[in-house]
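What follows is a short report on a single structure.
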There are 2 protein chains.
Amino acid sequence: MPRSGDVVPDATVERLPLYHQALVELARTGETTVSSVKLAELAGVNAAKVRKDLSFLGSYGTRGVGYDVDFLTIQVSRTLGLTGDSSVVIVGFGNLGQALAKYGGFADRGFPVVAIVDADPTKVGTAVKETDGVVVQHVDELAKIVRSQGVAVGVIATPAESAQSAADALVGAGVQSILSFAPVVLDIPETIPWRKVDLATELQILSFYQARSGSLQHPA
Amino acid sequence: MPRSGDVVPDATVERLPLYHQALVELARTGETTVSSVKLAELAGVNAAKVRKDLSFLGSYGTRGVGYDVDFLTIQVSRTLGLTGDSSVVIVGFGNLGQALAKYGGFADRGFPVVAIVDADPTKVGTAVKETDGVVVQHVDELAKIVRSQGVAVGVIATPAESAQSAADALVGAGVQSILSFAPVVLDIPETIPWRKVDLATELQILSFYQARSGSLQHPA
DNA sequence: CGGTGTGAATTCATTCACAGCG
DNA sequence: CGCTGTGAATGAATTCACACCG
């Protein structure tokens with residue numbers, strides 16, 4: 001039985017997907033074992049951090065050798081709760097929503113897009129071939145869709161004005177977590193974890209470090 | 001002359017765009033002044049953090065009153081280096097690249113997409129109406145494009161395998177910063193700030209907190 | 001030896017709490 | 001009186017450095 005009693009710090013959680021990716025890549029190239037130094041390099045962090053992070057999951061390394069790639073992959077996956085696929089519904093079929101729907105990266109990593117909804121009746125009925133032919137449905141169908149398809153996460157890709165109502169609809173429909181691309185803070189019950197990603201914000205942050213460069217600073 | 005001598009902590013820099021957004025929204029609704037409590041609410045952080053963050057930019061508030069919306073907006077913009085537009089080139093016109101090209105959010109916040117390149121000759125020549133009719137060019141033209149159009153930031157939207165060569169090309173072409181959507185760590189000179197955004201990673205992190213919910217944890 | 005695992009030391013970020021000013 | 005600005009206190013994350021083990 002795995003040690004899941006102790007807490008995993010937030011900063012560690014945010015890095016686990018990096019390790020997960022690196023491990024998948026290592027497995028692909030046939031490596032069976034990996035040191036903290038190598039893993040650190042692949043993940044773009046330093047080795048001490050890797051060892052500390054992994055130690056929160058348990059003592060899964062072998063001294064003098066390193067970590068078993070396959071075994072560690074399983075431990076990281078399990079810690080992240082990546083057991084089986086979690087289906088996704090995209091709310092909003094504007095530019096960004098279409099973009100995300102066509103982007104295959106979600107499905108590739110275990111988050112298949114099984115439904116898309118929009119409030120605009122003229123968009124309803126459109127089929128998206130990239131996501132296995134999913135057809136856009138009306139947002140009023142959301143609760144039914146979530147229940148019948150067992151949707152786990154809702155992705156908000158609406159304009160800022162509609163983001164809160166999209167969130168309310170998703171919460172009402174019973175999704176388990178929410179990823180929002182709208183540049184607003186959402187009011188969501190504490191029981192439902194959610195995150196906000198704002199693409200333009202990333203550029204603004206870069207802008208700061210760019211203004212700094214030539215000096216001594218560098219970002220992440 | 002503004003106090004730009006003292007350092008602004010990284011954690012603060014990452015929040016400045018949030019305040020910037022909130023301020024723009026306040027200006028739009030006609031507010032002329034704002035307290036740290038109100039700003040905190042709009043940005044989704046707590047008031048103490050807002051005051052501490054803003055204090056790194058200078059003493060721009062008025063005790064007993066709050067901050068002047070317009071004036072503070074300027075200070076935040078200036079700190080972030082958001083003076084005028086910074087043009088963007090997107091490298092990679094696959095699903096994600098097309099997605100980003102059609103997404104209007106970059107231009108709306110001062111980062112117009114002025115060029116798109118791809119290595120695939122069959123994609124060259126495609127026009128994207130959403131970005132003012134920009135036509136996809138071959139990646140070999142990158143250096144020329146960056147120089148002639150004064151491109152400031154490169155966005156990598158290639159598959160993982162091509163991300164490093166895209167980065168090399170961008171660095172060689174002379175861009176000032178790089179935003180990558182490829183799930184790999186890039187080797188980029190320290191003089192050029194860059195960030196990585198991985199959409200699927202966000203879902204994996206959510207997955208963790210989702211597994212936790214019902215208990216006592218909540219994310220951001 | 002080589003590399004993990006981890007306490008201890010350090011650095012960084014957040015929060016508190018209140019003096020001081022408009 | 002209200003709200004900023006900020007030292008001081010707390011807490012979290014990172015880094016160091018080395019004992020320990022395979």
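Chain A is the first sequence line, chain B the second, and so forth, proteins listed ahead of strands; every chain is numbered from 1.
Between B:Phe56 atom CZ and C:dT14 atom C1' there is a gap of 10 Å when expressed in whole angstrom units. Atom CG of B:Leu16 is separated from atom P of C:dA13 by 13 Å (rounded to the nearest Å).
A:Ser77 is linked by a side-chain contact (heavy atoms from CB on, under 4.5 Å) to A:His20, A:Thr73, A:Leu82, counting only residues two or more places apart in sequence or in another chain. Under the rule for a salt bridge (Lys or Arg N to Asp or Glu O under 4.0 Å), the partners of A:Arg109 that lie at least two apart in sequence or sit in another chain are B:Asp198. Not counting sequence neighbours, A:Glu130 has no partner by the salt bridge (Lys or Arg N to Asp or Glu O under 4.0 Å) test. Taking the salt bridge (Lys or Arg N to Asp or Glu O under 4.0 Å) definition, one finds that B:Arg15 meets it with B:Asp53, sequence neighbours left out.
Within the 4.0 Å cut-off from OP1 or OP2 of C:dT14, at least one side-chain nitrogen or oxygen of B:Arg15 is found. Side-chain N/O atoms of B:Tyr67 include none lying less than 4.0 angstrom from OP1 or OP2 on C:dG22.
Annotation: side-chain hydrogen bond (donor to acceptor under 3.5 Å, both in side chains) contacts involving residues 162-174 of chain B, sequence neighbours excluded, comprise B:Gln164-B:Asp168. Sequence neighbours left out, the pairs with a member in residues 199-211 of chain B that pass salt bridge (Lys or Arg N to Asp or Glu O under 4.0 Å) are A:Arg195-B:Glu202. Note on residues 23-36 of chain A: pairs passing salt bridge (Lys or Arg N to Asp or Glu O under 4.0 Å), not counting sequence neighbours, are A:Glu25-A:Arg28. Listed by first and then second residue, the side-chain hydrogen bond (donor to acceptor under 3.5 Å, both in side chains) pairs that reach into residues 34-46 of chain A are A:Ser36-A:Arg51, sequence neighbours excluded.
Residues from residues 46-53 of chain B lying near DNA chain C, meaning a heavy-atom separation below 4.0 Å, are B:Asn46, B:Lys49, B:Arg51, B:Lys52 in numerical order. Near DNA chain C, meaning a heavy atom under 4.0 Å away, the residues from residues 26-37 of chain A are A:Ser35, A:Ser36.
Note: A:Tyr60 and A:Tyr67 fail the aromatic proximity criterion, with ring centroids not under 6.0 Å apart.
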Distance-only criterion, 3.5 Å: show the donor-acceptor pairs between side-chain atoms of residues 89-103 of chain A and protein atoms not counting sequence neighbours.
from	atom 1	to	atom 2	distance (Å)
A:Asn95	ND2	B:Lys102	O	2.9
A:Gln98	NE2	A:Phe93	O	3.0

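With values rounded to the nearest 0.5 angstrom, A:Leu170 atom CG is found 9.5 Å from A:Leu186 atom CG.
When DNA chain D is scanned 5' to 3' for any atom under 4.0 Å from a heavy atom of chain A, the first and last hits are D:dA13 to D:dG22.
Comparing A:Gly61 and B:Gly64 against DNA chain C, the residue whose closest nucleotide sits nearer the 5' end is A:Gly61.
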